[in-house]
Student: 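Attaching a single structure in structure tokens format; questions to follow.
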Amino acid sequence: MNRTNLLRTLREPGELVAHGLVRRENLAELQKVAARYAIAVTPAIAALIDRGDPGDPIARQFIPSAAELVAQVSERADPIGDDAHSPVQGIVHRYPDRVLFKLVHVCAVYCRFCFRREMVGPGKDSALSQEAYAAALDYIRSRREIWEVILTGGDPLMLSPRRLAGIMADLAAIDHVKIIRLHTRLPVADPARISAEVVAALKIEGATTWVALHANHARELTDEAREAVARLIDAGIPMVSQSVLLKGVNDDPVALEALMRAFVECRIKPYYLHHGDLAPGTSHLRTTLARGQELMRHLRGRVSGLCQLDYMLDIPGGAGKSPVGPSFLSPQDSLAGQREVGEETRYRVTDYCGEVHLYPPG
Ligand code: SF4
């Protein structure tokens, strides 16, 4: 099978077999996975997969695995508690100054670790009805504290440019909405879809547009993906990154460093590294928090400040995100027995080589 002939997205396990992306003996199990979780592998992503590497970091993200049928007790269908903070359909209002606005439940690709995997895919509610959309806009309009609206889903760039332009105009017309942020995988998954029409739809009077690109391995930032990103940034749309820490994908210092450098080379400011959420059937892709902190310690100091980002944990149940370090500062008190009577509390600060230094209180 000539992989360059792939012209459409692969959605069935049988198609993955035909294109050499999974072995025929795994077909029956993968059909069980497909019955539960959506599959989509675009031509751009299929072309990136090294069929000869059983641990290929791109394949691990997009090719289904029988391990997805094994759920842990700690895993849950709504791992970050969106539902607990949804006042009206389509809106998640967890923090005072911003809301998530979930417009669509479809994506160009379906990531095997997705924290909304129970909600996204064909057959799930595909888009908000006109009435639900109007009610969501009314909610945003009535809350003057909402400064930022984050369009997410699903992937909001799956909407047609015309629909997108209408939504952007509706939001920008609300006086207190100053920032519209879109979270997308499309520049990587299907770079050609970042067309002049899409870019024009995102440029809007009355609000500032930001785009957050989700990518987890430097190889995703192909020449075509970089050109798609450049079309957005050249139009004046600033970009940040978001990545998920994934076992066998980016949980080693070299891979993580290469990813951050690739973002910065593309003019994308590294923003968040998410610890893997407790989504059902994803334990084979999660690392420990200790491993995440070790990787962040490696990045700090050895890699340009432009490449630094926050390591974030979404607290299960809906309590929100917290940065989970590592911390380089602690009170000297934690060094039991080393503080002299009458001496003021000082701090211990650890440098990037692991050496500890004392710093005065003020
Ligand atoms: S693109 Fe985002 S919403 Fe869609 S499957 Fe991947 S992680 Fe989930």
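Position 1 is the first residue of the sequence; numbering continues from there. Counting convention: from 1, in listed order, for ligands and their atoms alike. No hydrogens, no waters, no symmetry mates; every other heavy atom, side chains included, goes into these values.
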Student: Any donor-acceptor pair under 3.5 Å linking the side-chain atoms of Arg300 with those of His298?
Tutor: no
Student: Going by side chain to side chain donor-acceptor pair (under 3.5 Å), Tyr311 matches just one of His274, His275, Gln293. Which one?
Tutor: His275
Student: Check the surroundings of atom OH in Tyr347: do more than 12 heavy atoms from other residues, nucleotides or ligands lie under 6.0 Å from it?
Tutor: no
Student: If you count heavy atoms of other groups shown closer than 6.0 angstrom to CD of Glu25, is the number above 12?
Tutor: yes
Student: Pull up every protein N/O/S atom sitting under 2.8 Å from atom 8 (Fe) of ligand 1, skipping waters.
Tutor: Cys114 SG
Student: Would you say Ser195 and Glu197 are linked by a side-chain donor-acceptor pair, where the criterion is simply a distance under 3.5 Å?
Tutor: yes
Student: Decide whether the shortest distance between a heavy atom of Val109 and an atom of ligand 1 is less than 4.0 Å.
Tutor: yes
Student: Using a 3.5 Å distance criterion without hydrogens, assess whether the side chain of His93 forms a donor-acceptor pair with backbone atoms of Tyr95.
Tutor: yes
Student: Give the residue, atom name and distance (to 0.1 Å) of the protein heavy atom nearest atom 2 (Fe) of ligand 1.
Tutor: His214 ND1, 4.2 Å
Student: In terms of side-chain heavy atoms, does Glu12 have a donor or acceptor partner in Gln31 at a distance below 3.5 Å?
Tutor: no
